[in-house]
Amino acid sequence: MKKTIYFLICTAFLACGEAKKEPTQEKTAPVNNFEEFSAEFVEEYWKINPISASYQGYHKYDSLLPIPNETTKKKKLEFASLWLERLKEFDFEPLEEQDKIDYQIIENQLSSYDFYMNKFKSGEWNPGAYNLGGAFFQVINFRDEDLNKRLENLSKKLDHIPAYYTAAKANLKTLTKVHTQLAISQLEGSKSVFQGTLIDSLEASSMDDSFKENFKEKVEAAATAIDGFVSQLKEIQPTLADNAKSFRIGKELFEEKFSAEIQSAYTAEEIFQFAVSEKEELHDQLYRLSGDLWEKYYGDQEKPGGRFDQIQMVFDAVAKTHVHRDSFITAIRKQIPQLENFVRENDLLTLDPEKPLVVRETPEYMRGFAGASISAPGPYDKNAETYYNVTPLDHYTEEEAESYLREYNHYTLQILNIHEAIPGHYTQLVYSNQSPSLIKSIFGNGSMIEGWAVYSELMMLENGFGDNLELGFMYYKWNLRTVCNTILDYGIHVLDFTEEDAMQLLMKEAFQEKSEAEGKWKRARLSQVQLCSYFNGYYEIRALRSELQELMGEDFDLKQFHEDFLSYGSAPVKFIRTLMLKKLDSSKKAV
Ligand code: ZN
Ligand code: ZN
């Protein structure tokens with residue numbers, strides 16, 4: 001599934017906690033108001049994680065840059081244990097429903113510090129952890145702040161770069177080859193933020209000459225520090241055998257990271273097993289539908305015999321139905337109201353008529369790759385517009401455009417729109433903004449968010465959307481990608497999948513193009529767990545729906561289920577499940 005990019009465009013600066021007295025590091029009196037506690041926690045969290053703060057649109061700490069050394073690590077671990085202790089001062093049961101979820105999210109967040117810092121320790125083997133390009137870009141790109149003020153912040157931040165890279169060098173132990181390769185190119189690329197973007201902004205500002213002179217010197221010192229770090233990596237690189245440090249993190253770390261990040265009701269191994277049997281199920285469906293479609297596309301031509309060959313041939317034929325490259329955006333724009341109507345007419349979910357989705361061409365500065373994504377306002381800027389960005393295919397050659405349009409053919413394009421827009425990501429986002437929890441916005445559960453988008457595809461088709469064999473066929477192929485992402489992720493990190501195993505899975509069993517499969521093999525070695533998030537969330541939501549259907553029998557109402565489910569915000573599905581079951585239980589008792 002295409003990775004959705006949540007761009008955080010900030011127009012408002014929420015001065016939460018600014019007027020309040022800042023909590024000191026020594027024990028403060030217990031707060032008995034959970035909202036107050038959350039607000040204080042978030043403020044302190046940003047102070048200790050200023051880079052994440054800039055990314056999330058909170059710019060109060062833009063001038064800070066923590067040095068990745070022992071002191072910082074100690075400070076973070078202390079932060080985690082202090083706030084865990086303060087959290088435990090609350091009695092869980094009397095809390096409001098929404099606060100209970102926030103409580104558990106904070107607890108999970110803080111409990112994972114020990115894992116990341118003392119066990120996972122990616123800073124010892126992944127030099128890409130020290131790429132500062134994005135952190136500086138987030139500050140200079142915060143256009144609501146006066147440019148001079150941004151430059152003053154950046155000037156202070158730049159001061160720490162030499163010490164930052166000295167500490168980074170000292171942290172490196174045994175590196176993995178694949179992370180080191182990527183880090184070298186990304187770190188070299190990051191210099192363009194400093195020597196390009198920052199200097200251009202400096203020249204455009206009204207700062208005085210001595211500030212400018214001084215700033216330029218700091219930028220040069222930063223570039224020198226990055227160069228020094230990169231040349232150390234280059235020195236190490238040729239000596240890195242493939243097995244210097246494996247990119248495979250192994251079962252124990254994978255399970256632990258899965259539990260911290262995905263926050264699933266299942267173990268990674270269980271989810272992997274579910275995905276394996278789901279793959280078989282999808283193959284059966286694809287084979288059945290390819291048989292039904294055969295005559296329409298191939299007449300009385302003999303079938304190729306093998307199941308996979310037959311599916312591939314039908315896919316090749318059906319994918320030829322696609323829009324013209326010039327009408328890609330127009331086609332998407334036309335489809336949004338159709339999706340809205342379908343959701344309304346079939347009573348699947350209430351859509352907020354006040355918040356229509358704006359489809360636009362992806363702005364130039366955001367165009368890294370072709371595709372579609374939802375660009376949503378961050379937690380500090382709820383009233384900003386949400387956009388559905390679609391990149392026009394202008395810069396593609398005929399051949400590239402054709403291959404892209406076959407992938408996003410007439411049928412798949414509809415599924416993409418369901419996933420990204422309605423009732424997928426966009427709709428979920430509108431609902432989650434109605435449950436105004438800063439905690440859930442900041443630590444939103446990726447697996448629930450992606451799971452909902454994937455679930456919404458199934459749900460639309462179940463309710464008769466499209467109503468043709470081709471759409472069903474393309475849906476199963478698309479869903480197979482989600483399922484195989486999980487198999488690949490677990491397979492590579494836990495089961496030692498080779499490149500050959502990966503290619504067999506993606507190209508033969510998931511019918512992907514070579515370029516797509518190669519890209520996935522690369523991404524799956526660089527990341528861990530994230531590729532499981534889509535299928536896991538989807539699986540958990542489906543299971544919850546079945547569970548409630550069973551419990552409620554005739555009283556089960558699909559629309560009610562969707563609206564209840566989404567009302568809890570972007571929280572882990574297992575937490576939502578507990579609250580939904582409890583609510584059902586108490587409504588039964590009330591009768
Ligand atoms: Zn074509
Ligand atoms: Zn998505």
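Start at 1 and go down the list; that is how both ligands and their atoms are numbered. We use all heavy atoms of the structure for the numbers below, so side chains are in, but hydrogens, waters and symmetry mates are not.
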For the Zn ion (ligand 2), which N, O or S atom of H419 is at the shortest distance?
NE2
If you consider just the N/O/S atoms, which atom of H425 is the closest one to the Zn ion (ligand 2)?
NE2
Do any of the N, O or S atoms of E450 sit under 2.8 Å from the Zn ion (ligand 2)?
yes
Using the salt bridge (charged side-chain N to carboxylate O under 4.0 Å, His left out) criterion, which residues pair with K100? Sequence neighbours excluded.
E93, E97
By salt bridge (charged side-chain N to carboxylate O under 4.0 Å, His left out), E280 pairs with (sequence neighbours left out) none
E513, CD atom: more than 12 neighbouring heavy atoms under 6.0 Å
no
Assess whether atom NZ of K251 is packed by more than 12 heavy atoms of other residues, nucleotides or ligands within 6.0 Å.
yes
